[in-house]
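For reference, the structure is listed below as structure tokens.
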2 protein chains.
Amino acid sequence: MQDRRAGMHLRPTTIERIPLYLRVSDQLFHSGADTVSSEQLAVLTGYSSDTVRRDLWDLSIAGRRGIGFDVAAIRERLGDIIGTSASWRLAIAGVGNLGRALSHYSNLSRRGLDIIALFDVDPAKIGTADSGVEILPALEIAGECKRLGVQIGVIATPAAAAQACANSFVEGGVRALLNFAPVTLELPREVQVRRVDVLLELQLLAYHLRSKAPLGDG
Amino acid sequence: MQDRRAGMHLRPTTIERIPLYLRVSDQLFHSGADTVSSEQLAVLTGYSSDTVRRDLWDLSIAGRRGIGFDVAAIRERLGDIIGTSASWRLAIAGVGNLGRALSHYSNLSRRGLDIIALFDVDPAKIGTADSGVEILPALEIAGECKRLGVQIGVIATPAAAAQACANSFVEGGVRALLNFAPVTLELPREVQVRRVDVLLELQLLAYHLRSKAPLGDG
DNA sequence: TCCTGTGAATGGCTTCACAGCG
DNA sequence: CGCTGTGAAGCCATTCACAGGA
């Protein structure tokens, strides 16, 4: 048996799957389920039941043979790991349609993700508020992030402004960025970046359509 | 040497990287570069130069020793593979802030991704137009997609409506979906689905912040 | 010397397969 | 029996390392 204590090693692939496990076990919990089998979790997540069992084992979540896993136990353990009870301070740069969509996304605060600052370059927007959060000048990103203790920065600007925003966030002490702009950001290694790139996703779908459709089935 | 002809086998991981290779070689092309080394591509994409060389080889893109790869050749080959010269017909379900952000995203049409239909359930929106595309009733998704030959469906609805929309798209002959709703869709295996899930991404960032910050550096 | 081309080695994730227990 | 727990096998992607041509 491997080390299953707090400082244990988790495989990167397992880590990537944790948030989805958490979501589905939340849904199961709210639908009143007490236990769940690895096979059910496999269906709900799209992973294989082998992978689910291996992951939960690595996450120190024990099941009961013949029964399954305890839904509440999964929820609690994964919530601890992700830190849903903690509150994370987010800022969004760029209050276009995308930035607005994010700032209105009520699921965020329910998950301990609080948007506490919005930034834009447009003088007409600066000073107004969106979802109760005032829009500040983009030039003040670094200073305001430092002052407010922003932990996660969201880049929802046009591509041309993304790198500058990212730099300002980093200067302001932000060490995690979610980047919606279609550019590869160059950042210090200690800064976490995740990319959400719609164009890339659509091109991949197009590729698969084109390569599979002529074959009949896949 | 392996088979490098049209029907060749590409590794899934290579396929996932193609759109980004295409983007950076486009940028290089427009900045006037004639050739590019695998090391430069590595910096621009975030992959290793070994991986870049292996990928381009697998994609039948030859370089010249001591010089590098021909930017125009990469562009042309990858454009052929992705099908950028072809025109793809997209429809978006859900004209909230997110749907609007997508419909205004001018990069799409430049890449051969044309939004030809918008759907919503809100009677106040139906009949109006956004970015020159009329908003149709969500109930008509299947029929209109069939009529218009929609190839890629984008789900930008609230979570509760996502599965029904997906079903309608599939009924309308759409075989590729981009899902922004925080739910796992259950669909026939021949339908391609890609998920864009902001909540999952943010939770992963939070996890990494929490697990790395206390350690000092990573 | 520079950078590609490419077998071989490495490392890790997933799947197999089945033992083990309620 | 049902479903977990888990070594071992198999597979696949990446990295190493260096030969080879401009």
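Hydrogens, waters and symmetry mates are skipped; everything else that's a heavy atom, side chains included, is used.
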Would you mind reading off the distance between [X] atom [atom1] and [N] atom [atom2], rounded to a whole angstrom?
X: B:R11; N: D:dT15; atom1: CZ; atom2: P; result: 11 Å
X: B:I67; N: C:dT1; atom1: CD1; atom2: C1'; result: 12 Å
X: A:L59; N: D:dG5; atom1: CG; atom2: P; result: 12 Å
X: A:L56; N: D:dT4; atom1: CG; atom2: P; result: 9 Å
X: B:F69; N: C:dC2; atom1: CZ; atom2: C1'; result: 13 Å
X: B:E39; N: D:dT15; atom1: CD; atom2: C1'; result: 14 Å
X: B:W57; N: D:dT15; atom1: CH2; atom2: P; result: 20 Å
X: B:D58; N: D:dT14; atom1: CG; atom2: P; result: 10 Å

Is there a side-chain contact (heavy atoms from CB on, under 4.5 Å) between A:V198 and B:F180 once you walk through the steps? CA-CA 10 Å; A:V198 175; B:F180 286 87; 3.7 Å; yes
[X]-[Y] side chain donor-acceptor pair, cut-off 3.5 Å:
X: B:D114; Y: B:S109; answer: no
X: B:S25; Y: B:R75; answer: no
X: A:Q163; Y: A:N167; answer: yes

Below 3.5 Å is the cut-off: list the nitrogen or oxygen pairs between protein and nucleotides 16-18 of chain D, distance only.
from	atom 1	to	atom 2	distance (Å)
D:dA17	N6	B:D50	OD1	3.2
D:dA17	N6	B:R53	NH2	3.4

What I want to check is whether an N or O donor and acceptor connect the side chain of A:R65 with the base of C:dG20 at under 3.5 Å. yes
Set of residues satisfying ring pair (Phe, Tyr, Trp, His ring centres under 6.0 Å) with respect to B:F119, sequence neighbours excluded: none
Classify the nucleic acid contact of A:S49 as base, sugar-phosphate or nothing, counting any heavy atom under 4.0 Å across all strands shown. nothing
Any donor-acceptor pair under 3.5 Å from A:R23 side chain to B:P182 backbone: yes
Here's a test of your reading of the structure: between A:T51 and A:R64, which maps to the more 5' nucleotide of DNA chain C? A:T51
Has B:R64 got its NZ or CZ under 6.0 Å from the middle of the six-membered ring of B:F69, at an angle within 45 degrees of the ring axis? no
For DNA chain D, find the residues of residues 13-22 of chain B with a heavy-atom distance under 4.0 Å and give them by number; none if there aren't any. B:T13, B:R17
If only side-chain N and O atoms of B:S38 are considered, is one of them under 4.0 Å from the OP1 or OP2 phosphate oxygen of C:dC3? no
With a 4.0 Å cut-off on N to O distance, would you call B:D55 and B:R17 a salt bridge? yes
Candidate pair A:L20 and B:T184, rule side-chain contact (heavy atoms from CB on, under 4.5 Å), full reasoning: CA-CA 9 Å; A:L20 186 50; B:T184 303; 4.0 Å; yes
